[in-house]
Amino acid sequence: MAGGGDEMKLLSTWFSPFGSRVKLALHLKGLSYEYVEEDLTNKSQLLLDSNPVHKKVPVLFHKGKALCESMVIVDYIDEAFAAAGPPLLPSEPYERAIARFWVAFIETKLVEPWFKMLDGTRTRAEMGDGVKQMLAAVATLEGALAQCSKGRPFFGGDSVGNVDVALGGLLVWVRASEVLLGVKFLDAARTPLLAAWADRFASLDAAKAALPDFGRVIKHAMMRRGAAAAALATNN
């Protein structure tokens, strides 16, 4: 990979979908970086010092400065390395604003209910509500893909854009959630555009390099849910 060199260091975990977003952007841009695996059960001083507000991964270090929040980092990579690889954000201000709108939609309407369902502490009714919220969000994103792509392969058009990165970083976890929750979110009959998009995205070299192994994610998610449920039972 070209550019970046020893100037960039990514602090994350192998299973983080948000870390996957940053990896995707780096690979799409063809940038070199050092990867550092973080242990969230025993957080390093590097993480605590670099992200004192949330103390979460990912954190990208560039030229000795730390950047936090996955899509903030993705936008930074796109701007700081504008000459490397394809642009992730449209050049036209309106189209750029629309792309950022859909990124925000993914965060609030898809990620938030999904996180709540996977923590292992929700009631059956809460799980049902979460599934409904996710299905509604996915249905809306089906229309967004048609609007943004204009018949081309990706939200970004002919090439991957920041909306593709925002959703694509979650792809393995969405597939894992389908198994864990028994619900098909990316369904070829209900959301044919998104289902085809997911297959195209997963086949990209950048996705193969950046996304975690599906089977390993399933095992990790089951262990995490089991631990959360056991802790809840103990506390009660």
Side-chain angles (χ1 to χ4, degrees), residues 15-30 70-71 74 78 85-90 92 95-115 117-118 130-218 221:
F15 54 84
S16 170
F18 309 109
S20 292
R21 288 170 168 177
V22 179
K23 291 179 184 178
L24 281 165
L26 291 166
H27 283 274
L28 287 164
K29 288 286 190 176
S70 63
M71 292 311 295
V74 169
D78 193 35
L88 300 178
L89 274 168
E92 201 278 320
E95 295 298 329
R96 192 159 61 245
I98 293 298
R100 284 177 168 148
F101 169 85
W102 287 116
V103 167
F105 178 89
I106 290 168
E107 302 294 70
T108 57
K109 302 300 183 181
L110 189 64
V111 172
E112 287 184 11
W114 168 61
F115 255 47
M117 285 190 297
L118 290 182
V131 167
K132 289 178 183 177
Q133 291 175 44
M134 284 189 69
L135 288 172
V138 169
T140 301
L141 287 171
E142 175 83 356
L145 178 56
Q147 173 193 340
C148 295
S149 69
K150 299 179 175 65
R152 291 171 292 176
F154 300 104
F155 282 92
D158 291 322
S159 62
V160 169
N162 73 327
V163 182
D164 297 282
V165 170
L167 187 58
L170 311 176
L171 188 54
V172 172
W173 273 97
V174 170
R175 294 299 195 195
S177 299
E178 292 178 333
V179 175
L180 295 169
L181 301 173
V183 179
K184 192 73 173 176
F185 292 109
L186 300 178
D187 182 71
R190 189 171 57 249
T191 54
L193 296 179
L194 273 179
W197 168 88
D199 290 340
R200 282 193 300 273
F201 190 90
S203 69
L204 295 172
D205 289 341
K208 293 175 182 177
L211 299 182
D213 177 73
F214 173 77
R216 194 179 177 193
V217 165
I218 286 281

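All figures in this text were calculated on a predicted structure; none of them were measured in a lab.
Counting only residues at least two apart or in different chains, salt bridge (Lys or Arg N to Asp or Glu O under 4.0 Å) contacts with residues 178-187 comprise Arg175-Glu178, Glu178-Lys184. Sequence neighbours left out, the pairs with a member in residues 98-113 that pass salt bridge (Lys or Arg N to Asp or Glu O under 4.0 Å) are Arg21-Glu107, Asp75-Arg100, Glu79-Arg100.
Residues Phe214 and Ala176 come closest through the heavy atom pair CE1-N, 3.5 Å. In plain terms, the two heavy atoms of Ser20 and Gly169 that are nearest each other are CB-O, 3.8 Å. The shortest non-hydrogen separation linking His27 to Ala206 is CB-CB, 3.9 Å. Nearest heavy-atom pair across Leu88 and Val160 is CD2-O, 3.6 Å. Nearest heavy atom pair, residue Cys148 against residue Phe155, reads CB-O, 3.4 Å. Of all the heavy atoms in Pro153 and Arg200, the pair that sits closest is O-NH2, 2.7 Å.
Put simply, the side chain of Leu186 reaches to within 4.5 Å of the side chain of Leu171, judged on heavy atoms. In this structure the side chain of Val163 never reaches within 4.5 angstrom of the side chain of Phe154, judged on heavy atoms.
Remark: Phe185 pairs with no residue by the ring-ring contact (aromatic ring centres under 6.0 Å, His included) rule, at least two apart or across chains. Evaluation of the side chain to side chain contact (heavy atoms under 4.5 Å, CB included) rule for Pro87 yields Asp78 as partners, not counting sequence neighbours. Not counting sequence neighbours, the partners of Asp164 by the side-chain hydrogen bond (donor to acceptor under 3.5 Å, both in side chains) test are Trp197. With sequence neighbours excluded, the residues that form a side-chain hydrogen bond (donor to acceptor under 3.5 Å, both in side chains) with Ser177 are Trp114.
Atom CD1 of residue Ile106 and atom CG of residue Leu167 lie 4.5 Å apart, to the nearest 0.5 angstrom. Rounding to the nearest 0.5 Å gives a distance of 10.0 Å between CG of Asp205 and CG of Leu28. A distance of 8.0 Å separates CD of Gln133 from CE of Met117, quoted to the nearest 0.5 Å. Note: Leu24 CG to Leu204 CG = 8.5 Å, rounded to the nearest 0.5 Å. Taking CD1 of Ile218 as the reference point, atom CH2 of Trp173 lies at 8.5 Å (rounded to 0.5 Å). To the nearest 0.5 Å, atoms OG1 (Thr191) and CG (Leu135) are separated by 9.0 Å.
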Can you list the steps and then say if Phe115 with Phe18 is a ring pair (Phe, Tyr, Trp, His ring centres under 6.0 Å)?
CA-CA 12 Å; Phe115 255 47; Phe18 309 109; 5.6 Å; yes
Please assess Gln147 against Ile98 for the test side chain to side chain contact (heavy atoms under 4.5 Å, CB included), listing each intermediate value before the final yes or no.
CA-CA 10 Å; Gln147 173 193 340; Ile98 293 298; 3.9 Å; yes
Derivation of the side chain to side chain contact (heavy atoms under 4.5 Å, CB included) call for Val165 and Val103
CA-CA 9 Å; Val165 170; Val103 167; over 6 Å; no
